[in-house]
Amino acid sequence: MTEIRLHQGDITLMSVDAIVNAANSSLLGGGGVDGAIHRRGGPEILAACRALRASHYGRGLATGQAVATTAGRLKAGHVIHTVGPVWYPEEDRSELLASCHRESLRVAAELGARTVAFPAISTGVYGWPLDDAARIALRTVTEHAGPPLETVWFVLFDAYAYAEFAAVHRK
Ligand code: APR
């Protein structure tokens, strides 16, 4: 049974087999957690992302998809880049957010990862409400996480995000 744990802090400091990056389809970096990962992980990560763009991902990574690269100087072994959906009240994109988690878990399994850390995907720049994101993230990981994965962390950057995830996780 894979354990799901919550942590308030900076995902770039996590010593896990893989951390998930809330990237954008260009895979060439950005702000938020994407910026933090590239900043602390160093140029190797961007070089690996550029190589992906030059090979299988010429048109970029599609929303809901996931791909792994080196984690550069980070303590983690790999970075799994995924592109979350932008929140759009007029359209239910929940399935795309669920896909980010499902595909990231699939890539983690391919890597043989035993520990993985997720940020709160799409809840920053992409504007997804935290309580709804927490419900989708926790439900999807609960349904799809399995051996060899032992622990899935959700690393929340601030107390508000932590409280929203904890409220859903406790139910
Ligand atoms: N560790 C953990 N969580 C973090 C960190 C960090 N170092 N930095 C930010 N976060 C949190 C934010 O507070 C938010 O809750 O990650 C969550 C996701 O926010 P964003 O990083 O803005 O990601 P997202 O909303 O998915 O938007 C993706 O933003 O950074 C750009 O290149 C990225 O274009 C893409 C877009």
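In each ligand, atom 1 is the first atom listed, and ligand 1 is the first ligand listed. Nothing fancy with the numbering, it's 1 onward along the sequence.
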Once you restrict to heavy atoms under 4.0 Å, what part of A23 touches ligand 1? Side chain, backbone, both or neither. backbone
A36, portion touching ligand 1 at heavy-atom distance under 4.0 Å: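 Only the side chain of A36 comes within reach of ligand 1.
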Please verify whether a non-hydrogen atom of S122 lies at under 4.0 Å from ligand 1. yes
Using heavy atoms and a 4.0 Å limit, tell me yes or no: is G127 in contact with ligand 1? no
Distance-only, no hydrogens or angles: does the [X] side chain make a donor-acceptor pair with backbone N or O of [Y] under 3.5 Å?
X: T151; Y: E3; answer: no
X: T115; Y: D17; answer: yes
X: S99; Y: E95; answer: no
X: R53; Y: G58; answer: yes

Which residue owns the protein heavy atom closest to [atom], what's the atom, and how far is it?
atom: atom 2 (C) of ligand 1; result: I11 N, 3.6 Å
atom: atom 22 (O) of ligand 1; result: V125 N, 2.9 Å
atom: atom 7 (N) of ligand 1; result: D10 OD1, 3.0 Å
atom: atom 17 (C) of ligand 1; result: A120 O, 3.3 Å
atom: atom 31 (C) of ligand 1; result: G31 N, 3.6 Å

Consider every N or O of G124 and every N or O of ligand 1, then say whether any pair is closer than 3.5 Å. yes
Please indicate whether any nitrogen or oxygen in N24 is less than 3.5 Å from any nitrogen or oxygen in ligand 1.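 Yes; the residue has a nitrogen or oxygen that sits under 3.5 Å from a nitrogen or oxygen of the ligand.
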Which residue from [options] reaches closest to [atom] through any of its heavy atoms?
atom: atom 23 (O) of ligand 1; options: A22, S25, G35; answer: A22
atom: atom 5 (C) of ligand 1; options: F118, Y160, F157; answer: F157
atom: atom 21 (O) of ligand 1; options: T123, V33, N21; answer: V33

Quick one: hydrophobic cluster around V125, which other residues, with the 4.5 Å side-chain cut-off, linked directly or via members?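 Under the 4.5 Å side-chain rule, V125 groups with V86, Y126.
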Under 4.0 angstrom from atom 9 (C) of ligand 1, is there any protein heavy atom?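 Under 4.0 Å from atom 9 (C) of ligand 1, at least one protein heavy atom found.
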When clusters are formed by joining ILVMFWY residues with side-chain heavy atoms under 4.5 Å apart, either directly or through shared neighbours, do M14 and V116 land in the same one? no
Say whether V107 and V155 are linked into one hydrophobic cluster, either directly or through other cluster members, by side-chain heavy-atom distances under 4.5 angstrom.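 Different clusters: V107 never reaches V155 through Ile, Leu, Val, Met, Phe, Trp or Tyr contacts under 4.5 Å.
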Determine whether more than 12 heavy atoms belonging to other residues, nucleotides or ligands lie under 6.0 Å from atom CZ of R106.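 For R106, atom CZ is crowded (more than 12 foreign heavy atoms under 6.0 Å).
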Walk me through it: do H81 and S104 pass the test side-chain contact (heavy atoms from CB on, under 4.5 Å)? CA-CA 8 Å; H81 306 267; S104 295; over 6 Å; no
Partners of S94 by side chain to side chain donor-acceptor pair (under 3.5 Å), sequence neighbours excluded? D92
